[in-house]
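Encoded as structure tokens, the structure appears first; notes follow it.
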Amino acid sequence: MNLAKLPIGSFVRIQKCDLQSLVADLKQVHDRVVGPREIDAAIVYDDLDHVDQLPIGVTDHQDGGVYRLTHQSSDSHFDYVVGPQSLKGFLFPPRETVSESVRTDGKWEIQATETPVMRIAVLGPRACDLRALAIQDKVFLEGPYVDPGYQRRRDALFIVAVNCRRSVATCFCHAMDCGPAVTSHFDLALTEMDDHFAVEIGTPAGGLAIEATSWVPMSEVEVAHAKQVPAALEESMQGGTSARQMETGGIRELLMDNLEHPRWQEVAERCLSCGNCTMVCPTCFCSSVDEVTDLSGDHVRRERSWASCFTAEHSYMHSGNVRKTTRSKYRQWLTHKLATWQDQFDSSGCTGCGRCITWCPVGIDLTEEVAAIRGE
Amino acid sequence: MSEKPKLAVFKFASCDGCQLSLLDCEDELLAVADAVEIAYFLEARTEQIAGPYDIGLIEGSVTTAHDAERIKEIRQQCKFLVTIGACATSGGIQALKNWQDADEFVRSVYATPEYISTLGTSTAIADHVPVDFELRGCPINRQQLLELIASLLQGRRPSTPSYSVCIECKRRMTVCIAVARGVACLGPVTQAGCDALCPAFARECFGCFGPKETPNVISLTNHYQKQGVDCAHLTRLTRSFNANSPEFKEASDLLSGEQPSADTGDH
Ligand code: SF4
Ligand code: SF4
Ligand code: SF4
Ligand code: SF4
């Protein structure tokens, strides 16, 4: 067996053109290599055969309910930020058959459905999404019940993260202490420099993968220079309009002490209860389990799919719907994300990725809602 | 054999597309014919077995005085009455006449207008008799139809969602055309069930499944107007296959500054 020479935490430099040999190498040991691709007017994750397929020179503009791409003649590989998809769909699929049951002569036989696990290498996740991954790991793996499908897919996931050097107006990872610098939950982390990538080794598997390409060591000065990229971005995000702002001090008490604040009704007048915010949120983990039968009733598939606290069925209990109004649904979503999540999982449920703002069809903005309740 | 539940399919003002969805069940059609007795279904079978029926599927809206009476008789014949499709559930595309003078249409379209007997409005079946369940869509989704029949046979509630098309759109990971392309899409206020068919082909949802649970149509159309979408376009969008459903109607009337004619008399 090969032993990695590159220790965890070390940095190496690869030429931009050598990114392809990393991708090719990852393809050797993974069933799929996926990366950011420009498809249907957005940056989404899809299969990557060649780095030429990356959205080179593409930047994104994001704001409440608005997402647009622009193309420039530059060789920047990663100057767009998060698109509508996160890592969530790879580990917690939007739809999944969890078991199948057959009735013969009045007797039921139930069988768990084991879909073969794909070994996936993902190129491109940003700091906020790695933080979201850590949160979902806690939800699916660290409670009293471990989700076996998530566990298998998670074990097979290889991550080549990217440090952001640019933010959009909906980003606020800096305020949630989740970015923009990538700090954990990666195998390799890239920082795009003018003419090369600085690569941080995150795991032994990452070290082995990079050793297969041509790399050169980096001096301390060069490492400091690379680390300065997300640090400079963080500074500019703190300052001004290149990002949303969110004051998180005492946020749990702020929200829980204001459950009857008139702002909930005001936002409910705009909110469509469409559920887009929950679907795109990288930490939202709710699902609904349905039994799907054939006409005879002898064959039953148990299907799990992404669910949302904005639907009536999600709040349906034995006596009816416990959250009938959009006011109570929006309040449930926001207080769970930012307040009661802390009681449940010891962290915020929000990473500041901004997706719920961008992909809300009417541009409802949680940072604005919190500020309003704060009385700002 | 006589124990099998009796199914009847009735047609009112409609295009037959929803009934055809039943015939379109191909693989499952034999299983359906096995599980229920298709007692009355003029599209499929010449033999007509008299009621009462266990399940009545109603396609189409009420546009004539004769049909307004006929639906009452059918209701008495059917234990479980289900409207299938946008016409039966909200009045269909033909409900556009509710905003116009139907008499004028009759005069300009037909060579012998005296032969035509029609009401001034197209209305939903539920405006005339109590309805037990609705299958939405123009046309309905055949998986939902099979689910309905299966649930009735198994004595359970049909599992059809009442949330937004957006939920299905996101589950299939379609990029939102409203946000990414600035196209006015009705998905956020429309009931799911089609698996977000139109956005998957980069076309906006035009609301053929009708309003979802707790729809907030006016917030959405206000937002699209602010984004620069033309008011006339939004009026047409909300005034199509489910023009007559209360929430879409409220929005389109507000957009156009118009009120529908209250005239329901015979012409
Ligand atoms: S709540 Fe919004 S900003 Fe926070 S993690 Fe979820 S989608 Fe991102
Ligand atoms: S906040 Fe926006 S995305 Fe979320 S349910 Fe309301 S309208 Fe939909
Ligand atoms: S494309 Fe339409 S249906 Fe799909 S998420 Fe966007 S608004 Fe909803
Ligand atoms: S996306 Fe909308 S218009 Fe298209 S089939 Fe579905 S409900 Fe009908």
Side-chain angles (χ1 to χ4, degrees), chain A residues 38-46 60 62-69 83-85 89 93-95 268-280 288 290-297 300 303 305-308 310-314 321 324-326 329 358-364, chain B residues 25 28 30-32 34-36 143 146-147 149-156 159 161-190 192 195 199-200 202 212-224 226-227:
Chain A
E38 182 184 349
I39 295 172
D40 293 335
I43 306 295
V44 297
Y45 284 120
D46 206 345
D60 51 351
Q62 300 193 38
D63 214 329
V66 179
Y67 181 96
R68 294 290 184 279
L69 297 177
Q85 302 166 355
R95 290 175 169 134
E269 272 149 34
R270 292 171 58 217
C271 176
L272 312 168
S273 63
C274 64
N276 275 300
C277 47
T278 53
M279 297 281 121
V280 293
S288 144
D290 294 285
E291 312 283 358
V292 183
T293 70
D294 66 355
L295 281 171
S296 68
V300 180
E303 300 207 321
S305 43
W306 285 358
S308 168
F310 282 92
T311 69
E313 66 171 38
H314 189 272
N321 185 348
K324 287 197 183 66
T325 60
T326 300
K329 290 176 198 158
T358 298
W359 300 98
C360 169
V362 292
I364 289 172
Chain B
C25 286
E28 299 91 345
L30 287 176
V32 173
D34 227 28
V36 298
Q143 288 308 329
L146 289 168
E147 162 60 16
I149 296 172
S151 71
L152 293 175
L153 292 172
Q154 291 151 20
R156 59 176 176 84
S159 165
S162 54
Y163 47 67
S164 69
V165 171
C166 298
I167 300 259
E168 291 184 329
C169 196
K170 285 288 184 287
R171 281 182 189 152
R172 65 187 287 175
M173 302 226 176
T174 300
V175 173
C176 175
I177 54 171
V179 171
R181 299 179 202 248
V183 173
C185 177
L186 282 187
V189 294
T190 300
D195 203 18
K212 72 169 187 80
E213 63 190 24
T214 62
N216 191 351
V217 188
I218 290 168
S219 167
L220 184 65
T221 51
N222 279 346
H223 175 79
Y224 286 147
K226 274 189 217 136
Q227 300 282 306

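The chains referred to below are lettered A, B, ... by the order of the sequence lines, with proteins before strands, and numbering in each begins at 1.
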Atom [atom1] in [X], atom [atom2] in [Y]: separation rounded to 0.5 Å?
{"X": "A:Glu291", "Y": "B:Gln154", "atom1": "CD", "atom2": "CD", "answer": "11.0 Å"}
{"X": "B:Lys170", "Y": "A:Ser305", "atom1": "NZ", "atom2": "OG", "answer": "15.5 Å"}
{"X": "B:Ser219", "Y": "A:Glu269", "atom1": "OG", "atom2": "CD", "answer": "9.5 Å"}
{"X": "B:His223", "Y": "A:Leu272", "atom1": "NE2", "atom2": "CG", "answer": "9.0 Å"}
{"X": "B:Cys169", "Y": "A:Met279", "atom1": "SG", "atom2": "CE", "answer": "11.0 Å"}
{"X": "B:Ile167", "Y": "A:Thr278", "atom1": "CD1", "atom2": "OG1", "answer": "5.5 Å"}

Discussion item. Heavy-atom pairs under 4.5 Å with chain B: which of A:Cys360, A:Pro84, A:Ala312 has the most?
Written reply: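 Top option by heavy-atom pairs under 4.5 Å: A:Ala312.
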Fill in: Residue pair B:Val179 / A:Arg68: nearest heavy atoms and the distance that separates them
O-NH1, 2.7 Å
Practice prompt. Could you pull out the closest heavy-atom pair between B:Ala150 and A:Asp294, with the gap in Å?
Written response: CB-O, 3.9 Å
Check whether [X] gets within reach of chain A through its side chain, its backbone, both or neither, counting any heavy atom under 4.5 Å.
{"X": "B:Leu220", "answer": "both"}
{"X": "B:Val217", "answer": "neither"}
{"X": "B:Lys226", "answer": "neither"}
{"X": "B:Thr214", "answer": "both"}

Fill in: Short side-chain to backbone donor-acceptor contact, B:Arg181 and A:Tyr67, under 3.5 Å
no
Practice prompt. Look only at the side chain of B:Arg171 and the backbone of A:Trp306, and say whether a donor-acceptor pair between them is shorter than 3.5 Å.
Written response: yes
Part of [X] within contact of chain B (heavy atom distance under 4.5 Å):
{"X": "A:Arg270", "answer": "both"}
{"X": "A:Val362", "answer": "both"}
{"X": "A:Ile39", "answer": "backbone"}
{"X": "A:Asp40", "answer": "both"}
{"X": "A:Lys324", "answer": "backbone"}
{"X": "A:Ser296", "answer": "backbone"}

Practice prompt. Report the option among B:Gln227, B:Arg172, B:Met173 that has the most heavy-atom pairs separated by less than 4.5 Å from atoms of chain A.
Written response: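 Highest number of pairs under 4.5 Å: B:Met173.
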Worksheet entry | Winner by heavy-atom pair count (cut-off under 4.5 Å) against chain A, out of B:Gly182, B:Ala202, B:Ala180 |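 Looking at each of B:Gly182, B:Ala202, B:Ala180 in turn, B:Ala180 comes out on top.
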Practice prompt. Walk me through it: do A:Thr326 and B:Asn216 pass the test side-chain contact (heavy atoms from CB on, under 4.5 Å)?
Written response: CA-CA 10 Å; A:Thr326 300; B:Asn216 191 351; over 6 Å; no
Fill in: Residue among A:Pro361, A:Cys274, A:Ser273, A:Ser308 satisfying side-chain contact (heavy atoms from CB on, under 4.5 Å) with B:Ser164
A:Cys274
